[in-house]
Amino acid sequence: MSYEIRCFSIPKIGELERNIQDRFENSPDGSLVALADGASASLYPQKWAEILVKSFCQSVVENPIESIQRSYEEWLQPSQEKWRQYYLTKLQSPNRKWWQGGSEIKNRGSATFLGLQLQNLKHFAKSQWQAVAVGDTCLFKLEQETGNLLTFPLTAAQEFKGTTFCFESLPEYSSFPPQFTAGWYEHGDIFLLATDALSQWLLADYEAQREDWKKMFQLQQQYDFECFINQLRQQKLIKNDDTTLVLITVTSDQ
Amino acid sequence: MAYTQEISRATPGYLVILIDQSFSMCYPFGSAGTKSKECAKAVNRVLRETVLACTDGEEIKNSCDISVLGYGKLKDAAVNAFSGALAAKPVVTIQELTENCLRVESIKRKVSDGAGGLVEIDDQFPIWIEPAAVGETPMTEAFEMAHQLVQDWIETHPSSFPPVVINITDGEADSLPTTRKAAEALAGLETDDGKTLLLNAHISGNAVQEVVLPAAPTQLPKGDSYAQFLFETSSELPPNMLERAAASGLNPTPYAKGFVYNAKLETLIQLLEIGTKAEFRG
């Protein structure tokens with residue numbers, strides 16, 4: 001099987017595209033994808049989100065999810081070291097302005113994280129997928145047979161709060177233990193990854209038995225995505241936040 | 001539901017700090033300072049933390065406007081307490097505040113290098129407000145000046161989180177009836193998200209009982225009409241400030257007011273944190 005991956009992103013109202021705190025990455029063959037949402041109140045959240053997704057998708061071990069399951073703290077260490085060196089370089093820069101480099105209290109980055117691994121069993125109709133997540137960046141999968149929507153790790157719109165669990169960019173601060181799930185996928189399946197504002201709206205729409213959420217699975221162009229999100233924002237149906245959507249469509253190799 | 005609007009570039013907030021600069025502020029306060037020095041230090045610290053909250057380390061985001069007014073330094077008037085490049089700007093953006101401090105003081109700090117060693121860096125503390133303790137207590141004029149600024153600000157930010165006004169004083173206002181009227185008019189100004197929040201911090205260097213975030217007049221010192229006045233003119237804390245107060249260990253009850261009386265230095269700092277952290281710092 002092969003994977004068609006599309007990523008759409010729009011900054012929160014009032015911010016520029018370069019300020020988007022969400023970061024997405026996928027491995028060259030598409031079997032590993034990751035989405036992270038940097039906490040804007042933390043230090044260098046963009047950099048931390050970028051380090052996390054790259055670490056997952058450029059993993060030298062065959063199954064990064066198994067590594068995380070064995071010890072998420074050990075898995076985080078190389079990423080935390082990269083962030084620390086970035087931080088120290090900034091702190092020791094001779095041109096550093098007083099407001100750059102955080103403070104004694106604001107001294108680390110935080111980010112939610114969602115990683116998806118698709119195992120590709122070439123001679124089987126169905127293959128296994130695994131996911132790992134911390135925080136409110138969510139995975140959705142529409143079950144073709146039942147029409148049900150699988151959601152992970154949050155399963156209800158009311159679970160979304162102002163603050164959420166994160167991976168921290170320094171080992172001196174406890175990262176929240178991630179959650180894991182797994183399932184089977186086949187040709188024609190679509191995985192949807194979304195950061196919190198869109199995830200919350202999607203779940204609320206699904207819970208209310210409306211149909212607009214299904215449109216997310218059909219999006220093809222960034223322009224259509226922006227129009228849709230801007231409309232939701234105008235109707236005050238979605239939080240004003242950086243919003244990122246990733247669609248992974250499983251296609252046949254033929 | 002009121003007091004739910006987020007603070008961001010799209011819907012910035014507004015913080016107004018009023019500082020009593022009357023003569024009695026030169027009296028001792030805290031472990032080694034005077035009320036005016038410790039008050040200036042606390043305000044500079046809160047301004048620093050607010051700026052840092054509006055940056056991710058790379059860029060400043062103008063998600064908050066700020067005013068700091070002093071009263072008592074200039075006879076019967078309230079004035080912009082900023083000096084230097086900000087002296088002519090009673091309302092400043094975070095960007096302007098960041099770029100125009102009077103000076104930066106440095107303190108060395110050690111951070112881990114991740115390999116068991118420590119790296120020494122300079123922690124930098126900008127100074128905007130200098131201590132002052134000169135004249136009387138024209139609190140009415142301070143509230144009136146704040147009223148004008150808040151009213152003008154709301155006209156251009158009708159949907160924003162309501163302005164937060166924090167008044168720091170150590171003594172009695174020159175005229176309670178006029179000050180009450182001015183305070184009530186100020187707290188009556190509102191955006192679509194609710195009324196302006198007025199928090200009062202009365203500080204004292206004496207060994208007297210503190211009153212912290214009272215919810216009822218019965219919690220005030222008996223017969224103290226000034227405490228009664230400040231209690232009545234203080235706003236009830238909205239849910240996010242109550243949460244912040246609880247998180248800092250103050251155990252507020254429902255309907256608690258943003259008011260501390262005979263406050264020690266630590267309590268003053270806590271009230272400043274409550275008034276700013278929930279809204280302006282994420």
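From a predicted model like this one, the values you see are computed outputs, not experimental measurements. We use all heavy atoms of the structure for the numbers below, so side chains are in, but hydrogens, waters and symmetry mates are not. The sequence lines fix the lettering, A, B, ..., with proteins before strands; numbering per chain opens at 1.
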Report task. Determine the option with the most heavy-atom pairs under 4.5 angstrom with chain B, choosing from Glu172(A), Lys12(A), Lys47(A), Gln85(A). Result -> Lys12(A)
Query raised in the report: Hey, do the aromatic rings of Phe56(A) and Phe113(A) have their centres closer than 6.0 Å?
Result: yes
Requested in this report: Could you look at Asn62(B) and say if it's the side chain, the backbone, both or neither that has a heavy atom under 4.5 Å from chain A?
Outcome: neither
Query raised in the report: Is chain B contacted by the side chain of Lys90(A), its backbone, both, or neither, given a heavy-atom distance below 4.5 Å?
Result: side chain
Query raised in the report: Can you say whether Leu88(A) sits under 4.5 Å from chain B via the side chain, the backbone, both, or neither, judging by heavy atoms?
Result: side chain
Query raised in the report: Relative to Phe29(B), does Lys35(B) satisfy both conditions: NZ or CZ under 6.0 angstrom from the six-membered ring centre, and within 45 degrees of the ring's axis?
Result: no
Query - Part of Gln46(A) lying under 4.5 Å from any heavy atom of chain B - result: neither
Requested in this report: With the side chain counted from C-beta on, respond yes when Asp196(A) and Thr137(A) share a heavy-atom pair under 4.5 Å apart, and no when they do not.
Outcome: no
Requested in this report: Under 4.5 Å, counting heavy-atom pairs only, tell me which of Arg48(B), Gln124(B), Glu120(B) racks up the most with chain A.
Outcome: Gln124(B)
Requested in this report: State plainly whether the residues Arg23(A) and Glu25(A) are in salt-bridge range, i.e. N to O under 4.0 Å.
Outcome: no
Query raised in the report: Checking heavy atoms, do the side chain of Thr98(B), its backbone, both or neither come under 4.5 Å from chain A?
Result: both
Query - Contacting moiety of Gln80(A), where chain B heavy atoms sit under 4.5 Å - result: neither
Query raised in the report: How about Cys166(A) and Phe176(A): do any of their side-chain heavy atoms sit closer than 4.5 Å?
Result: no
Query raised in the report: Taking Ser112(B), Ala115(B), Ser8(B), Cys101(B) one by one, which has the highest count of heavy-atom pairs under 4.5 Å against chain A?
Result: Ser112(B)
Requested in this report: Considering only NZ, NE, NH1 and NH2 on the basic side and carboxylate oxygens on the acidic side, decide whether Asp205(A) and Arg210(A) come within less than 4.0 Å.
Outcome: yes
Query raised in the report: So, are Asp122(B) and Lys108(B) salt-bridged, with charged N and O less than 4.0 Å apart?
Result: yes
Report task. Look only at the side chain of Asn230(A) and the backbone of Glu226(A), and say whether a donor-acceptor pair between them is shorter than 3.5 Å. Result -> yes
Report summary line: One option among Gly14(A), Gly101(A), Ala39(A) has the most heavy-atom pairs under 4.5 Å with chain B, and it is Gly14(A)
Report task. Examine whether an atom of Ser42(A) lies under 4.5 Å from a heavy atom of chain B, and if so say whether it belongs to the side chain, the backbone or both; otherwise answer neither. Result -> backbone
Report summary line: The interface call for Glu81(A) against chain B, heavy-atom contacts under 4.5 Å, is side chain
Requested in this report: Can you tell which part of Ile105(A) gets under 4.5 Å to a heavy atom of chain B, answering side chain, backbone, both or neither?
Outcome: side chain
Query - Side chains of Ile168(B) and Ile17(B) in contact at under 4.5 Å (non-hydrogen atoms) - result: yes
**Report entry** Contact check, side chains of Leu116(A) and Leu35(A), non-hydrogen atoms, under 4.5 Å
**Finding:** no
**Report entry** Part of Lys239(A) within contact of chain B (heavy atom distance under 4.5 Å)
**Finding:** neither
Query - Residue part contacting chain B, namely of Gln92(A), when any heavy atom lies under 4.5 Å - result: side chain
